[in-house]
Amino acid sequence: MARPKNVKHIFVTGGVISSLGKGILSASLGFLLKSRGLRVAIQKYDPYINVDPGTMSPYQHGEVYVTDDGAETDLDLGHYERFLDESTSQASNLTMGRVYKSVIDKERKGEYLGGTVQVVPHVIDEIKEKMGELARNGSLDVLITEIGGTIGDIESLPFLEAMRQLKLEIGERNLLNIHLTYVPYIKAACELKTKPTQHSVKMLLETGIQPDILVCRSEKPLSKEIKGKVGHFCNVNEQDVVGMNDCETIYEVPLLLLKEQLDLRVMKKLSLKKFREPNLSYWREFCDKVKHPKDGEITIGLCGKYTEYPDAYKSILESFVHAGAANDVKVSLRLFRAEDAEDPKFDLGKALEGVSGLLVAPGFGDRGIEGKVQFIRYARENNIPFFGICLGMQCATIEFARNVCGMTDANSTEFNKRSRFPVIDLMEQQKKVKEKGGTMRLGSYPCIIREESKAYEVYRKFLINERHRHRYEFNNQFRKAFEEKGMIFSGTSPNGDLVEIVELKDHRWFVAVQFHPELKSRVQKVHPLFSGFVKAAKEFAQGTRQLTLEVEMPRLTSTEMDTAG
Ligand code: GLN
């Protein structure tokens, strides 16, 4: 395989169990190497046969992360962007489905004419070819590849075989394997146990791969003895056994790995000489604000249909961490299952007690729509800061149509094709679309912002670019009627055709957007809409507390006052 000179490969694999944090490990290592002056990119390889996760339910796969160039990808790419402050692209996420598709397409074109197409060598060669794609096209020093799944899965074997062959071809100074394993703490024995790690490495050895560095996830820090034991049985130098114990926030992981000198071990093994001392003061300050915000805690309600599985809202959750730090508060989220509000006995006032802002989440399909409309109505009528994203924005316009404009059966044609007031309708370009995969309005599009709007107040610019993932849009037939009743169309596509942002004139903070701002919030660049929403919620919380204090002050002692509200 043609390999551009000097690009070093790091492969991150996982053992024992899933959900150990391979994505966070890859993102943290990438961030540390970048902080030392290296040019880094991260990519994710997923073993499933779907061409991309766009066709999977959020219950199966969590959030679908959309890149600027419109790829529907794995949520780990969100971590890469948030930590590294670099945009990913279609080339950053490869699935086994995409590999097979490409091999089968080539076979049909006759590119293997005369041959029997097999996993070895054709599928493996295809993977190796793709493994170098980002390295060939970018100006990089290091390319980190995270391999999805857990060692022992049948599905990921071709990826591992490709990695093994690549190492042989390009040499051990140019490729290393970091294996993330689990070292459980057994309470009854008061001991950390290394056996699962030993077994996982054994399984990796069966594929012909000797890990170069072991990162051990554990509840408690690893002692020198445990590191020595792991190293001894897994054939790894003790110094190359790195501890990754639980942290209060994922953003502390790079700081922990810096202490463990993971970046230095990697650089030594890959003969990466060029480096500077990383300046992580900004990052440390950020972590400090996340852990100990000066202005206490506020509660924000998140209403959606996948709330039992918060990974479905990963980027939204992380955006609130960023926006909380920017406003010096901890944002604690109260999750609401939208359809619960459809029960006539459900008490919205009670559910939203103490909530200083409400976010209605993106989604597809009609489950929970009526509940979302109820939640939005409550926030609008009670002047509670409101933020709607994609479907959340569409529901906000349905609610406004029904309860302010008197269009009683207003709806989106996604849910009711026969509504007399189809305020949300299929986009023109979508009408002829038959296939489901990768056919929505996807990726980054420009939006023009109107002055004198909440949107302008937060963005402070007239032209923005945001990422999209939807098929339906606001129906322009209803713009005039909505404007007359106080809705402001504060953001549109440059030609004015597509509504991108709506807000309410007579409301404390009611902003809803057709795009997905959560996909662009980063530690270094907190998204202005999240930051603005949290600011409004914080002011609302302080306002109500003050109100409570004013009324109750005569009866409170000074110590009681600290906890009032
Ligand atoms: N289901 C809506 C649409 O396709 C909203 C999509 C979303 O929230 N991402 O337009």
Side-chain angles (χ1 to χ4, degrees), residues 52-68 70-73 75 78 302-307 309 311-317 319 338-339 358-373 375-376 386-399 401 410-417 419 422-445 447 466-476 478 491-493 497-502 511-521 529:
D52 61 44
T55 52
M56 279 187 231
S57 150
Y59 285 122
Q60 293 270 322
H61 189 268
E63 165 189 276
V64 173
Y65 189 80
V66 180
T67 57
D68 279 331
E72 296 179 286
T73 72
L75 57 75
L302 192 162
C303 168
K305 60 189 283 196
Y306 314 110
T307 43
Y309 187 49
D311 261 8
Y313 302 116
K314 194 79 203 166
S315 293
I316 293 180
L317 306 187
S319 301
E339 64 257 48
L358 176 73
L359 183 142
V360 174
F364 295 84
D366 62 359
R367 180 168 63 83
I369 293 300
E370 293 307 317
K372 286 185 176 173
V373 169
F375 269 100
I376 297 169
F386 169 78
F387 189 15
I389 297 184
C390 208
L391 181 63
M393 173 267 195
Q394 298 177 353
C395 288
T397 61
I398 294 170
E399 191 281 322
N411 217 327
S412 160
T413 51
E414 183 179 359
F415 318 123
N416 178 6
K417 298 236 170 344
S419 162
V423 291
I424 300 292
D425 198 8
L426 198 59
M427 274 184 280
E428 206 42 51
Q429 314 87 292
Q430 286 289 325
K431 292 192 173 145
K432 30 186 196 310
V433 169
K434 293 263 169 343
E435 283 193 16
K436 288 280 184 247
T439 54
M440 285 188 238
R441 180 176 181 236
L442 289 167
S444 182
Y445 286 92
C447 164
E466 292 285 0
R467 299 181 192 173
H468 298 69
R469 183 172 187 249
H470 62 121
R471 294 189 199 279
Y472 292 80
E473 60 164 328
F474 183 79
N475 184 342
N476 286 329
F478 295 92
T492 61
S493 54
D497 277 359
L498 295 173
V499 170
E500 300 281 24
I501 311 177
V502 302
V511 180
V513 297
Q514 184 58 76
F515 48 81
H516 291 265
E518 73 275 20
L519 303 176
K520 284 183 73 170
S521 188
L529 279 169

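Whatever order the structure lists ligands and atoms in, that order sets their numbers, starting from 1. Position 1 is the first residue of the sequence; numbering continues from there. Only this structure's heavy atoms are used, side chains among them; waters, hydrogens and symmetry mates stay out.
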Show your reasoning for whether side chain to side chain contact (heavy atoms under 4.5 Å, CB included) applies to Y313 and L359.
CA-CA 11 Å; Y313 302 116; L359 183 142; over 6 Å; no
When you measure from the side chain of K305 to the backbone N and O of A361, does any donor-acceptor pair fall under 3.5 Å?
no
Would you tell me which option among R441, R471, E414 has the nearest heavy-atom contact to atom 4 (O) of ligand 1?
R471
Answer yes or no: does an N/O atom from P362 fall short of 3.5 Å to an N/O atom of ligand 1?
no
How far is atom 10 (O) of ligand 1 from its nearest protein heavy atom, and which residue and atom name does that atom have?
Y472 N, 2.9 Å
With heavy atoms under 4.0 Å as the rule, classify the contact between R469 and ligand 1 as side chain, backbone, both or neither.
backbone
Determine the interplanar angle of the Y306 and Y59 rings, folded into 0 to 90°, and report it as parallel if under 30°, tilted if 30 to 60°, perpendicular if over 60°.
perpendicular
Cationic N near anionic O, under 4.0 Å, E500 to R441
yes
Give a yes or no on whether the backbone of Y472 and the side-chain of E414 come within a donor-acceptor separation of less than 3.5 Å.
no
So the atoms of ligand 1 within less than 4.0 Å of a heavy atom of C390 turn out to be 5 (C), 6 (C), 7 (C), 8 (O), 9 (N)
Within-cut-off N or O pair, G363 and ligand 1, under 3.5 Å
yes
Give the contacting part of H516 toward ligand 1: side chain, backbone, both or neither, where contact means a heavy-atom distance below 4.0 Å.
side chain
With a 4.0 Å heavy-atom cut-off (strictly under), which part of Q394 contacts ligand 1: side chain, backbone, both or neither?
side chain
What's the verdict on side chain to side chain contact (heavy atoms under 4.5 Å, CB included) for V433 and M440, showing C-alpha distance, side-chain angles and the deciding distance?
CA-CA 9 Å; V433 169; M440 285 188 238; over 6 Å; no
